[in-house]
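Working notes for the structure below.
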Amino acid sequence: MAGEKQAYDAVIDSPIGRLALRLQHGALAAIDFVSARQPLHAARSPEARAVCRALKRFWRDPHASWRLPLGLSGTAFQQRVWRALMRIPAGEVRSYGALARQLRTSARAVGGACRANPVPIVVPCHRVVAHSGLGGFMGATRGRTLDIKSWLLDHERAR
């Protein structure tokens, strides 16, 4: 859960809690889960409105494709993992180990890249699970964040 003093391009409610969006040069750079104390505010730009519309579309249809410009900051390795995550279809999961074998790296490294993902939901790190169980989500291995991961996976399986 991100700090509440950041300047956001939009703060919206969602089925999984309040989300704060940051764009950089018109591209989505971050989705932060923030507390309900963070004031809601409408999108500040046409690009931020497009992200809000895309998220609303996802809540209605988890299989809708994302057509958003992304401004992801990360290492070359993280970028490689995030691209692989975006190729996992909605409603499917991969284990950290399976993704690691595909990318010729370690499961721990894949987990680290997932934890560093600045745009959860859009870059679907929730679709990567442990060999037995959910694994982690946004750096946590229990609590509310795993409830969010479970909700997202259930949402995508519902058709």
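- No side-chain heavy atom of Val51 sits less than 4.5 Å from a side-chain heavy atom of Asp9.
- Of the possible donor and acceptor atoms, one in the side chain of Asp61 sits under 3.5 Å from a partner among the backbone N and O of His63.
- Counting only residues at least two apart or in different chains, side-chain hydrogen bond (donor to acceptor under 3.5 Å, both in side chains) contacts with residues 99-109 are absent.
- Contact check for Val93 versus Leu153: side-chain heavy atoms found under the 4.5 Å cut-off.
- Going from atom CZ of Arg60 over to atom NE2 of His155 covers 10.0 Å, rounded to the nearest 0.5 Å.
- At a threshold of 4.5 Å between non-hydrogen side-chain atoms, the residues Pro120 and His126 do not count as touching.
- Counting all heavy atoms, side chain and backbone alike, Pro69 lies closest to Gly26 at CG-O, 3.7 Å.
- Every residue two or more places apart in sequence or in another chain that forms a ring pair (Phe, Tyr, Trp, His ring centres under 6.0 Å) with Trp59 is listed here: Trp151.
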Please tabulate, for the side chains in residues 79-88, all donor-acceptor contacts under 3.5 angstrom to protein atoms that are two or more places apart in sequence or on a different chain.
residue, atom, partner, partner atom, Å
Gln79, NE2, Leu72, O, 2.7
Arg80, NH2, Leu103, O, 2.1
Trp82, NE1, Ala113, O, 2.8

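- For the pair Lys149/Thr145, no side-chain contact is recorded, criterion being any heavy-atom separation below 4.5 Å from C-beta on.
- How far CD1 of Ile121 is from CD1 of Ile31: 5.0 Å, rounded to the nearest 0.5 Å.
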Glu92 and Arg94: salt bridge (Lys or Arg N to Asp or Glu O under 4.0 Å), yes or no, with the steps? CA-CA 7 Å; Glu92 294 184 21; Arg94 300 287 184 277; 3.2 Å; yes

Show your working on side chain to side chain contact (heavy atoms under 4.5 Å, CB included) between Leu152 and Phe137 and close with a plain yes or no. CA-CA 11 Å; Leu152 288 166; Phe137 187 57; 4.0 Å; yes

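- Although no hydrogens or angles enter the test, the distance criterion places a donor-acceptor pair under 3.5 Å between the side chain of His41 and the main chain of Tyr8.
- Among residue pairs with one or both ends in residues 127-139, those qualifying as side-chain hydrogen bond (donor to acceptor under 3.5 Å, both in side chains) are Arg127-Glu156; sequence neighbours excluded.
- With values rounded to the nearest 0.5 angstrom, Ser65 atom OG is found 7.0 Å from Arg57 atom CZ.
- Between the CZ atom of Arg18 and the CD1 atom of Ile12 there is a distance of 10.0 Å, given to the nearest 0.5 Å.
- By the 4.5 Å heavy-atom criterion applied to side chains, Ser14 and Leu55 are not counted as neighbours.
- Among the candidates Asn117, Leu134, Leu99, the single residue satisfying the side chain to side chain contact (heavy atoms under 4.5 Å, CB included) test with Val128 is Leu99.
- By the side chain to side chain donor-acceptor pair (under 3.5 Å) test, Gln24 pairs with no residue at all, sequence neighbours left out.
- Partners of Ser95 according to the side chain to side chain donor-acceptor pair (under 3.5 Å) rule, which considers only residues two or more places apart in sequence or in another chain, do not exist here.
- Between Asp154 and Arg157 a salt bridge is recorded (basic side-chain N to carboxylate O distance below 4.0 Å).
- Residues Ala10 and Ala43 come closest through the heavy atom pair CB-CA, 3.7 Å.
- Looking only at distances, no side-chain donor or acceptor of Asp32 sits under 3.5 Å from a matching main-chain atom of Leu21.
- The structure places SG of Cys125 at 8.0 Å from OH of Tyr96, a figure rounded to the nearest 0.5 Å.
- Under the 4.5 Å side-chain criterion, counting only non-hydrogen atoms from C-beta, Leu68 is not in contact with Val119.
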